[in-house]
Number of protein chains: 2
Amino acid sequence: MSTRSPRSRHPEAPRQATIRDVARAARVSVATVSRALNDSGPVRDDTRRRVRDAADNLRFTPHGGARSLITSRTNTLGVLLPDLYGEFFSEIIRGIDRSAQRAGYQLLLSSARNAHDEVHGAFRAMYGRVDGLVLMAPDVELAELFAQHRDGTPIVFINSPVTSEDARVITIDNHGGAYQMVKHLVRKGHQRIAIIRGAESNHDAAERLRGYRDALDDGGLPRDPRLEFHGDFTETAGYRAGRAALKLQPHPTAIFAANDAMAIGALSALREEGVAVPGAIAVAGFDDIPIARYVSPPLSSVHVPIAQLGERAMDLLLGAIVGPDHGAARRVVLPTTLVIRKSSP
Amino acid sequence: MSTRSPRSRHPEAPRQATIRDVARAARVSVATVSRALNDSGPVRDDTRRRVRDAADNLRFTPHGGARSLITSRTNTLGVLLPDLYGEFFSEIIRGIDRSAQRAGYQLLLSSARNAHDEVHGAFRAMYGRVDGLVLMAPDVELAELFAQHRDGTPIVFINSPVTSEDARVITIDNHGGAYQMVKHLVRKGHQRIAIIRGAESNHDAAERLRGYRDALDDGGLPRDPRLEFHGDFTETAGYRAGRAALKLQPHPTAIFAANDAMAIGALSALREEGVAVPGAIAVAGFDDIPIARYVSPPLSSVHVPIAQLGERAMDLLLGAIVGPDHGAARRVVLPTTLVIRKSSP
DNA sequence: CGCCCCGGTGTAACCGTTTACACCCAATCT
DNA sequence: AGATTGGGTGTAAACGGTTACACCGGGGCG
């Protein structure tokens with residue numbers, strides 16, 4: 001019925017040229033073409049020229065999939081993030097890309113909410129297309145799952161609570177940052193300092209809470225469960241917590257939000273109620289996103305080198321890929337710095 | 001010297017299981033394994049179970065590269081952007097990802113400044129790893145280059161000046177947005193309206209300039225070359241232009257910046273010189289980035305549905321991939337909306 | 001009873017590259 | 001002169017999947 005050839009429909013179907021087409025055009029074997037184009041073996045100068053010309057004429061582009069099948073190198077790195085939303089993401093990608101680009105790697109990007117299945121699925125889809133993986137999973141269970149997945153592709157965890165000794169993991173100093181900020185508030189004389197927490201299962205959130213509590217302890221202030229408001233890192237949650245804080249009888253004189261988005265939400269709530277910031281209540285956040293300096297009053301925050309986080313993660317990964325990284329550090333903790341602005345002088 | 005087998009070094013190297021391993025373990029042929037795992041042919045129920053079990057035990061994950069080599073489908077889409085920096089990028093990726101995720105595609109991300117070679121290189125590296133490509137190249141020459149690259153993988157251009165009839169291209173209404181904003185300023189009684197332009201070679205910038213000029217013409221105002229300041233979309237450029245504008249003898253009463261970053265730069269310059277905004281000079285921007293509402297005074301801007309831009313681009317691309325999209329629109333222009341805030345009431 | 005049909009399975013070709021190995025031939029060494 | 005080198009090239013075997021095709025056996029049909 002129909003001929004075997006794929007060209008049968010149109011007389012001149014513009015099929016992409018393969019290495020065989022180039023070989024035929026240059027009157028050499030495919031092996032020579034490969035050698036000529038990759039400089040991977042001896043080729044006579046005029047042969048090389050003939051091959052190069054033929055390749056150009058035919059607009060030959062080697063098929064990445066085929067190449068990586070045989071070489072088992074893809075020149076691609078996987079990036080798996082919980083979300084692709086907002087400043088944090090954009091900054092971390094920037095860092096990752098900077099480092100990857102320098103090393104000549106491409107990025108295969110995937111977002112998966114912290115659901116087991118989604119992450120697992122994304123991971124399967126990446127297998128065989130990447131040489132390594134940067135995984136950000138602040139949720140507890142996931143990390144454990146991957147820690148034991150040690151067959152093959154190297155993984156670097158960002159901000160994940162992986163306990164396994166030989167896992168490569170990079171984090172920021174959540175505890176230290178929160179501790180410093182709350183300590184600062186204590187020193188300024190605040191007696192009742194509230195916190196707006198992040199999600200329960202989130203590792204970063206847990207560490208920041210711990211920093212808050214330790215700072216209170218060290219400052220000789222009592223812990224008060226009523227001052228620990230729940231949140232989930234969204235502006236809305238911050239807004240709600242802000243209103244709730246105002247309902248407390250002797251209301252807190254300072255609010256430390258576990259991230260900037262919530263701090264900004266809290267600011268809106270306070271403004272709505274006509275509460276002076278920092279006059280009546282001081283407010284501070286965490287992350288130091290770019291908007292922080294623009295809100296009014298400008299928001300004190302804990303600065304996190306987000307882009308650097310991505311960059312260092314990538315460096316760690318690249319190190320693991322090029323060779324066994326025996327000597328190299330497997331755990332990196334990036335320091336945070338305090339940025340005091342008008343919201344909590 | 002060394003045995004042929006890759007297992008020779010360690011007695012039990014944890015090599016990733018292949019389909020052949022699964023076949024052996026389940027005592028069937030590779031064909032049956034493939035059929036069982038992909039539901040791509042008749043398989044007896046108990047056979048299917050045996051195969052599934054074996055696959056789970058061996059932690060079998062199909063090799064993406066190998067699969068795509070034969071099926072010539074990768075389930076991956078390429079995204080090539082000039083930059084991975086800031087709000088704009090983060091929003092557009094979000095839109096792209098939303099659409100891609102819905103359709104079950106992954107994203108291969110690359111950034112290439114608008115240099116010929118870089119873009120070309122990135123493109124080559126993507127060939128054979130993607131089913132289609134979203135390309136953002138506001139620089140003129142590049143777009144032409146790719147318009148003629150019609151062999152194979154479908155491409156969607158974002159904000160690119162591609163003239164070719166049958167190219168798929170999606171843009172925002174740069175001209176209309178600028179026109180509306182300047183018209184608004186005219187209606188408010190401004191007689192001397194300055195513009196801070198974007199880079200010469202940038203298509204968006206050119207269109208916005210055209211909108212500005214047309215609005216002046218239609219408003220019966222003269223064009224004045226001295227009111228057209230150069231810029232390159234950076235905050236610094238806006239700052240410089242702001243200072244320059246103040247030096248003009250009868251200084252402009254309104255400044256329209258071709259993007260928000262430059263508008264914010266101009267605001268700093270005016271604040272430094274103690275010029276009241278909008279009292280003495282009104283300021284407006286373009287893009288409506290999230291920060292715009294937070295600066296003081298809050299910045300009027302032309303709102304661009306950035307995430308939607310990415311999403312629609314992806315939809316266009318997906319449409320082209322699943323089948324020949326004869327009926328579908330090849331050119332989409334997304335409307336912009338005016339957002340008037342305190343900086344230019 | 002011979003035929004066809006069809007569910008279930010295996011064999012082998014194929015996708016587009018890289019590369020180990022064999023081969024040829026001229027130049028150099030002994 | 002014969003052996004040895006080594007540069008330049010071709011042949012074919014991988015890589016790990018998918019799938020066309022052949023095959024086999026049993027049930028339904030004329």
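Everything quoted here is computed from the prediction, not taken from an experiment. Letters go in sequence order (proteins before strands), and every chain restarts at 1. These values consider heavy atoms only, across backbone and side chains, with no hydrogens, waters or symmetry-generated copies.
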Write down the distance between [atom1] ([X]) and [atom2] ([N]), rounded to a whole number of angstrom.
| X | N | atom1 | atom2 | value |
| --- | --- | --- | --- | --- |
| B:His63 | D:dT18 | NE2 | P | 12 Å |
| B:Phe60 | D:dG17 | CZ | C1' | 8 Å |
| B:Arg50 | C:dG10 | CZ | C1' | 14 Å |
| A:Asp46 | D:dG8 | CG | P | 10 Å |
| B:Tyr127 | C:dT17 | OH | C1' | 11 Å |
| B:Leu69 | C:dC15 | CG | P | 9 Å |
| B:Ile19 | C:dG10 | CD1 | C1' | 13 Å |
| A:Arg24 | D:dT9 | CZ | C1' | 18 Å |

Among [options], which is the nearest nucleotide to the side chain of [X]?
| X | options | answer |
| --- | --- | --- |
| A:Thr18 | C:dG10, C:dG16, D:dG16 | C:dG16 |
| B:Arg35 | D:dA20, C:dG7, D:dG10 | D:dA20 |
| B:Ser34 | C:dG10, D:dT19, C:dG16 | D:dT19 |
| B:Val30 | D:dT18, C:dT9, C:dT17 | D:dT18 |
| A:Ala31 | D:dT11, D:dT9, C:dT17 | D:dT11 |

* Kindly say if A:Thr47 contacts the phosphate of D:dG8, meaning a side-chain N or O under 4.0 Å from OP1 or OP2. => no
* Asked: Quick one: is C:dG8 close enough that its OP1 or OP2 comes under 4.0 Å of any side-chain N or O from B:Arg44?
  -> no
* **Atom pair CD (B:Glu118) and OG (B:Ser111), whose distance is rounded to the nearest 0.5 Å** =>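 That separation rounds to 7.5 Å.
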* Asked: For B:Ser99 and B:Glu311, what are the C-alpha separation, side-chain angles and deciding distance, and is it a side-chain hydrogen bond (donor to acceptor under 3.5 Å, both in side chains)?
  -> CA-CA 5 Å; B:Ser99 176; B:Glu311 198 168 359; 5.7 Å; no
* Asked: Has the side chain of A:Arg48 got a donor or acceptor that lies under 3.5 Å from a partner of the other kind on the base of D:dG8?
  ->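 No such pair is found, so the answer is no.
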* Asked: Can you find an N or O donor on one side and an acceptor on the other, under 3.5 Å apart, linking the side chain of B:Arg20 with the base of D:dG17?
  -> yes
* To do: For B:Arg67 and for A:Pro42, locate the closest nucleotide of DNA chain D by heavy-atom distance; then report the residue assigned to the nucleotide nearer the 5' terminus.
  =>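 First, find each residue's nearest nucleotide; the 5'-ward one identifies A:Pro42.
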* Hey, are A:Asp46 and A:Arg49 close enough for a salt bridge, meaning a charged N less than 4.0 Å from a carboxylate O? -> no
* Asked: A:Asp131 pairs by side-chain hydrogen bond (donor to acceptor under 3.5 Å, both in side chains) with which of A:Thr153, A:Thr74, A:Asn75?
  -> A:Thr74
* Identify whether any heavy atom of B:Pro62 sits under 4.0 Å from a base atom; if not, whether one sits that close to sugar-phosphate; answer base, sugar-phosphate or nothing. => sugar-phosphate
* Under a 4.5 Å cut-off applied to non-hydrogen side-chain atoms, are A:Arg35 and A:Val28 in contact? -> no
* Asked: Which comes earlier along DNA chain C counting from the 5' end, the contact point of B:Val28 or that of B:Ala66, where each point is its nearest nucleotide?
  -> B:Val28
* Considering heavy-atom distances to DNA chain C, does B:Thr32 or B:Ile70 have its closest nucleotide positioned more toward the 5' end? ->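 Going by which nucleotide is closer to the 5' end, it is B:Thr32.
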* **Pair B:Arg312-B:Asp315, salt bridge (charged side-chain N to carboxylate O under 4.0 Å, His left out): steps then yes or no** => CA-CA 5 Å; B:Arg312 295 288 298 276; B:Asp315 290 343; 5.3 Å; no
